[in-house]
Amino acid sequence: MSGFDTSWVPEFERQVGCRMQSNVPMSRCTTFGVGGPAQMLVWIDNESELSQVWQYASSRRIARRVIGKGSNVLVSDRGLSGITVKLTGNLSTIRPLDVSAGYLDVEVGCGCSLGKLLAWARTQGLGGLEGLVGIPGTVGGAIKCSAGTKIGCIGDHLLEARMLSRKRIGWHKATKLGLGYRRSTIGSLSVVVSARFRLVRKTSTEVAESYENARKARGNQPRGVRSAGCFFKNPKKRSAGALIEASGCKGIRLGDAMVSLQHANYIVNAGKAKAQDILRLAHKVMYCVRHQSGIHLEREVELWGWTRGG
């Protein structure tokens with residue numbers, strides 16, 4: 001298992017009654033299509049299972065993390081030690097709550113994909129989530145990184161989130177989550193279990209128009225490529241994509257890692273790229289932009305499994 005400590009694995013397999021598999025290539029679980037093996041991949045269906053796994057890992061100081069669609073991470077070629085959790089079943093449901101003439105409150109499991117939630121909201125005549133059109137992640141991951149576009153972000157209609165932190169599960173008001181531009185105060189060892197949104201009722205025509213306008217606004221985003229979406233955050237009042245293009249980096253490549261010709265803030269796996277190729281290319285882009293404009297780009301994509309400075 002890539003040189004990782006395996007002494008805890010037999011006991012974990014005996015004590016935890018979830019579906020699990022060792023040594024699973026993360027290239028199967030990420031939108032980049034890269035990444036070495038996860039030491040232990042665990043599929044979790046409900047809060048009880050999640051709490052059990054989290055308590056076990058916490059008490060033994062075993063590394064753990066939750067992966068949704070794998071759309072905002074770059075996993076190292078070495079892989080991931082410890083426990084990597086995939087959320088399924090009851091943690092992916094959509095449940096209507098309070099209803100009024102103008103809005104509908106809804107509770108959504110953290111494992112629910114944004115695509116599924118948006119499709120459901122559209123069929124119900126509900127607006128408010130149009131800013132998430134085209135983002136491929138899950139609700140939990142989107143809240144943790146405060147996902148959004150220039151149209152709007154996930155926090156705009158979020159009421160509260162149910163969080164697992166170490167051994168405790170409880171509700172937290174959206175105003176207490178520190179949501180900002182592609183950031184939150186949700187720690188790396190906390191998990192969004194579910195969330196409640198207040199969505200706005202609209203006529204069928206209004207809903208169709210709002211979603212179509214959102215789709216058009218995202219029209220320059222590359223489709224059908226292996227990427228993690230926008231790789232860098234936009235600096236204040238500047239576009240990362242425009243800065244990268246001005247630096248001459250649009251279309252450059254290292255091996256099969258390439259800066260998209262369609263949108264310069266996308267790094268794509270154009271063939272058989274390794275995670276190291278993608279990270280090296282990102283560093284080159286950062287250097288070129290800093291040299292050309294004096295602006296330091298900050299990654300939006302998270303690095304998993306890398307050593308310090310890697």
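Worth saying up front: this structure is predicted, and the values here are computed from it rather than measured. Along the sequence shown, the residues carry numbers beginning at 1.
- Under a 3.5 Å cut-off, the side chain of Ser59 and the backbone N or O of Gln55 do form a donor-acceptor pair.
- A 4.5 Å side-chain heavy-atom check between Pro96 and Trp120 finds at least one atom pair inside the cut-off.
- Identified under the salt bridge (charged side-chain N to carboxylate O under 4.0 Å, His left out) test for residues 100-116, with sequence neighbours left out: Arg95-Glu107, Asp105-Arg198, Glu107-Arg196.
- Screening residues 243-279 for ring pair (Phe, Tyr, Trp, His ring centres under 6.0 Å), with sequence neighbours left out, gives His263-Tyr266.
- Considering only residues two or more places apart in sequence or on other chains, Arg299 meets the side-chain hydrogen bond (donor to acceptor under 3.5 Å, both in side chains) condition with none of them.
- With sequence neighbours left out, the side-chain contact (heavy atoms from CB on, under 4.5 Å) criterion links Cys18 to Val16, Val42, Ile44, Glu49, Val53.
- Within the structure, salt bridge (charged side-chain N to carboxylate O under 4.0 Å, His left out) pairs that include any residue of residues 127-154 comprise Glu130-Lys202 (at least two apart or interchain).
- By the ring-ring contact (aromatic ring centres under 6.0 Å, His included) test, His172 pairs with no residue at all, sequence neighbours left out.
- When the shell of 6.0 Å around NZ of Lys284 is examined, it contains 12 or fewer heavy atoms from other residues, nucleotides or ligands.
- By the side-chain contact (heavy atoms from CB on, under 4.5 Å) test, Arg183 is found to be paired with no residue, residues two or more places apart in sequence or in another chain being considered.
- In this view, Tyr103 satisfies the ring-ring contact (aromatic ring centres under 6.0 Å, His included) rule with no residue, not counting sequence neighbours.
- Within the 3.5 Å criterion, the main-chain N or O of Leu261 finds a donor-acceptor partner in the side chain of Lys250.
- Grouping Ile, Leu, Val, Met, Phe, Trp and Tyr residues whose side-chain heavy atoms lie under 4.5 Å apart, directly or via other members, places Val73 in a hydrophobic cluster with Met26, Ile67, Val75, Leu80, Trp304.
- A cation-pi arrangement, defined by a distance under 6.0 Å to the six-membered ring centre and an angle within 45 degrees of its axis, is present between Arg19 and Trp43.
- Within 6.0 Å of the CZ atom in Arg290, the count of heavy atoms belonging to other residues, nucleotides or ligands exceeds 12.
- For the side chain to side chain donor-acceptor pair (under 3.5 Å) condition, the pairs that include at least one residue of residues 251-260, sequence neighbours left out, are Arg253-Asp256.
- Using a distance-only test at 3.5 Å, with no hydrogens or angles considered, no donor-acceptor pair links the side chain of Lys86 to the main chain of Leu41.
- Listed for the Asn72 side chain is a donor-acceptor partner under 3.5 Å among the backbone atoms of Glu300.
- Under the 3.5 Å distance criterion, the side-chain polar atoms of Ser51 are left unmatched by any main-chain donor or acceptor of Glu47.
- The main-chain N or O of Gly35 is never found under 3.5 Å from a side-chain atom of Arg78 such that the two would form a donor-acceptor pair.
- Here the side chain of Trp54 pairs a donor or acceptor atom with the backbone of Leu189 at under 3.5 angstrom.
- Side chain of Asp277 to backbone of Ala273: no donor-acceptor contact under 3.5 angstrom is found.
- The closest donor-acceptor contact from the side chain of Asn234 to the backbone of Ala240 lies under 3.5 Å.
- Among residues two or more places apart in sequence or in another chain, the side-chain contact (heavy atoms from CB on, under 4.5 Å) test is passed with Lys69 by Ser71, Ser113, Thr138.
- Partners of Arg14 by side-chain contact (heavy atoms from CB on, under 4.5 Å), not counting sequence neighbours, listed by chain and number: Pro10, Glu11.
- Between the side chain of Asp156 and the backbone N or O of Cys153 there is at least one donor-acceptor pair closer than 3.5 Å.
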